[in-house]
Structures are given as structure tokens and as C-alpha cells.
2 protein chains.
Amino acid sequence: MGYQTNEAASGKEAIEKTASGDFDIALLDLMMPGMSGAETLGELRKISPKTKVIMITAFATVDNAVDAIKKGASDYIAKPFKIEELLTAIRRVLEECRFEEGITKLNLDYTLSSLANPIRRNILKLLQSRKSMRLMEMVRELDIDDHTKVVFHLKMLKESSLINQDKGKSYSLTGEGERILSCLNILKNYLSA
Amino acid sequence: MGYQTNEAASGKEAIEKTASGDFDIALLDLMMPGMSGAETLGELRKISPKTKVIMITAFATVDNAVDAIKKGASDYIAKPFKIEELLTAIRRVLEECRFEEGITKLNLDYTLSSLANPIRRNILKLLQSRKSMRLMEMVRELDIDDHTKVVFHLKMLKESSLINQDKGKSYSLTGEGERILSCLNILKNYLSA
DNA sequence: AACTGCTGTGAATTGTTCTTCACAGAATAC
DNA sequence: GTATTCTGTGAAGAACAATTCACAGCAGTT
């Protein structure tokens, strides 16, 4: 139908391909050589939560179905199935993907443009080493003459919720801020290597 | 002297702290409990190539020194040393850091602002799945009416050397482009989790 | 030789982000 | 209570990024 596809001969291979690629949907048989479909499902959801999984099985039982859905499968189809059945499921799940993608795309834009600015990166780094700082403290540390410049960037960082401010006006990293910063470190190491 | 410091009781701990932090310099004793200084040096250079290492030892031998420098240590100091000796070494190495930082900072700015744009990210994604594409092929796939818009972004990506173009005018990802893209995937998963 | 589609360039325009500056209320120091 | 420092707002403009448009060379077709 024009979809781009890729196949894996085992659960292990599926996991590997998923890790290095960017898949919308995985079609997974419950009975597979090596790692079971259920196990694979669990792993897959862990390493790539955005990839939707459709389980397929010849031995459909309620238990298996419930288990699969609980583990995060998006659909569950019993063999033998009409090809149209599968296509319907794929279309439905793809729509789901597109919707979620729209949402996270916004976040990604936001986050990346936050990180694109060196002053903001320096602020994040400062907060990482000091844990919590006041405005003027940072201004002096960053050696910037106009404090409103720093205020501007702090506002941006607050809006993308990488930092927050307590009642005492102190700024600190949010959990997300910390995660992003560690990812930034990885990136930096990639670049300098 | 106003430097921010942190300590580790073993090589293993040092590696862990380095992985999660952002250190300019590590002072490493050759004789340590558990992992040896030489081993630690190797690991450290692997996970954080930008962190400079100064080796310190009570049993200075030429072999050890040569080995350390070969493995990427920036300096090698024998005990007992005058504190001023150490400080001089630190200052020299720090200067080295500042210089390199200036260089990679440029790259980081470049790369991040490349990734900040959704069109450019889509181009990268396309190239990841298709391996190699021509201009108009992408234009149609991206559903953009003005092809010069795509040309503009392709130019940017070429400049930050995330993609390149062969004689046949086909565009494809560079090694760096692939690495950055996989890092982007990690980031995306962080955000959607 | 004329036509079509591809791959661009360069200039003008629009749009966004960043900086600067004038100002002001709240907290703290004297 | 007055001065000073801190924390911020909002508007104007500068700097930078992205889009649009007119055009042009080249390759292949008819």
C-alpha cells in the first residue's frame, strides 16, 4: 500500500532495528523463535515508547490479548485474518501516531530552540553545578552587563519548563531540564570526538 | 583557588561521576584501590574525551609516564610535588580546555540551530529512511510547493556537514548526520516519555 | 529547435529572536 | 525613612533566520 517496511527474523533483531531506526508501527507475532512476542513487546515499548505495536497470533486467548494490551500493544489480531482487517488496524494506529507526533513535535521544536542559544545553555550548566541560584548571582557569574538579558532567557527556559522558580525567587533545574542537559552532554561528546 | 571540585574514592566512582557531570580536569593517582589509574585513564578518555587528565604518582617511572601520555593524559606529576607545580599544570591544561571549548561551542551552536528547524529535521529523517535522494524527490515527499525553500535548508545542512551531495546531485546523510539523528531520537523519546 | 523538468542563485521581503533601554515595585541595608 | 540592590515589565530597534520571487543554466525529449 505504499508503506515503507522492514522485517526482523527474531525479537532480538527487532529490538536492534528499532533502536537504530524510527518506526511508527511494529507487527509482532506472539510465537517467535528465541525471545517470545510478549517479552519483545515489553522491551520494545521500553526503548521506543512512540512505536505502536500490533500483536498477531494463531493461538488467540483472552488472557494473551489482555496481557498484550496491558503491556502497551495498540491492537491484537488473531490468525487467520483478512488482509483488510490488518490494514484497518494499521490505518487506525497510524492516525494515532500522527496525532501524538503533532504534540511531541511542538515540544521538540520548543526544546531544541531553547538549547540553540549559548546563553541559555550556560544558564542550564550553571544551574547544574550550583543546583539553585538567584538572578543577580547568575548575571555576575555569566559576566553579562544587562541583567534584563538574563531575565529574558530565564523566561524562555521557564516557558519550556526546563527550569522553575521557587517562592524565594531562586531558579533551579526541573527533572526535564536535567534530562535534556545530560542528552546535551552526549551530543557534545559526539561532536568533540 | 576558587575552582569547583569533586572527588571520587575509586576509579569506578570517578567514571560514574564523569559520565553524569561535565568536568574540565581529572586528577588521577596511578595507585588506586580497585581499578588502576591507567585503566581508569583509558575509560575516562573514552566516555568523556573533552575531560583532560593529569596523572599523579609516587612511583614515577619513564615507562609509566610515557604510557600515560600515550593514553591521552595531558600531564604527569610525580609525588612529592609543590602545590605550585600542580597549580601551574592545572592552569595550563585549563587554558587548553578553554581553547577547545571555543571550537566545539561553535559546532554545537551550529548543529543545534540546524536541528531546531522542523523542515531540516524532516529532511534528515527522509534521508535516514531512503539513504539517498534527489532534490525534487524530497520536495514532493515533504509536500512543499516552493523548491527553493528546500534548497535553502539543504544548504544549511550541508554547511553544518550533516549531509553531503555526490556528483550525481543526490543528497545523503554523513556519518555525523547519522550520529546526530540517533541522538535526536533519544531526545525525542525522552520528551514523549 | 523548442519544450519540459531539475537544480540552483541572488535579491527583496517577511518573520522571529535577541538586545537594549527606560522605568518601577519589592526587599534589604543603613 | 531613605538609599540601594534585586527582580522584573514593556516597548523599540537591531540582528538574524526563513520565505518568496524572478530568473538562468543544463539535461533530456519530441
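Scope of the values below: all heavy atoms of this structure, side chains included, with no hydrogens, waters or symmetry mates. Every chain is numbered from 1 and lettered A, B, ... according to where its sequence line falls, protein lines coming before strand lines.
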> Can you sort out which residues in residues 164-172 of chain B have a heavy atom within less than 4.0 Å of DNA chain D? Ascending by number, please.
none
> Any chance you could pull the hydrophobic cluster mates of B:Phe23, using side-chain heavy atoms under 4.5 angstrom and chaining through other members?
none
> D:dA18 phosphate, OP1 or OP2: any side-chain N/O from B:Asn117 under 4.0 angstrom?
yes
> So, using side chain to side chain donor-acceptor pair (under 3.5 Å) as the criterion, who are the partners of B:Thr51 when residues are at least two apart?
B:Ser48
> Can you name the residues that form a side chain to side chain donor-acceptor pair (under 3.5 Å) with A:Asn117, not counting sequence neighbours?
none
> Partners of A:Lys149 by side chain to side chain donor-acceptor pair (under 3.5 Å), sequence neighbours excluded?
none
> Is a salt bridge present between B:Lys155 and B:Glu159, judged by a nitrogen-to-oxygen distance below 4.0 Å?
no
> According to side chain to side chain donor-acceptor pair (under 3.5 Å), who are the partners of B:Ser36, at least two apart in sequence or on a separate chain?
none
> Name every residue in residues 129-148 of chain B that has at least one heavy atom under 4.0 Å from any atom of DNA chain D, in order of residue number, or write none if there are no such residues.
B:Asp146, B:Thr148
> Identify the 5'-most and 3'-most nucleotides of DNA chain C with at least one atom closer than 4.0 Å to a non-hydrogen atom of chain A.
C:dC18 to C:dA22
> Residues sharing A:Phe152's hydrophobic cluster, by side-chain heavy-atom contacts under 4.5 Å among ILVMFWY, directly or via others?
A:Met156
> With a cut-off of 3.5 Å and sequence neighbours excluded, list every side-chain donor-acceptor pair involving residues 132-142 of chain B.
unit_1	atom_1	unit_2	atom_2	d
B:Glu137	OE1	B:Arg134	N	3.1
B:Glu141	OE1	B:Arg130	NH2	2.8
B:Glu141	OE2	B:Arg130	NH2	3.4

> Is there side-chain contact between A:Tyr3 and A:Ile90, with heavy atoms separated by less than 4.5 Å?
yes
> Where do B:Ser160 and B:Ser114 come nearest, in terms of heavy atoms and distance?
OG-OG, 2.9 Å
> Scan for salt bridge (charged side-chain N to carboxylate O under 4.0 Å, His left out) pairs involving residues 73-86 of chain B, sequence neighbours excluded, and state none if there are none.
B:Asp29-B:Lys79, B:Asp75-B:Arg92, B:Glu84-B:Arg91
> For residues B:Leu115 and A:Leu112, report the shortest heavy-atom separation together with the two atoms involved.
O-CD1, 3.3 Å
> Does anything in residues 151-158 of chain A reach DNA chain D, meaning a heavy atom under 4.0 Å, and if so which residues?
A:Val151, A:Lys155
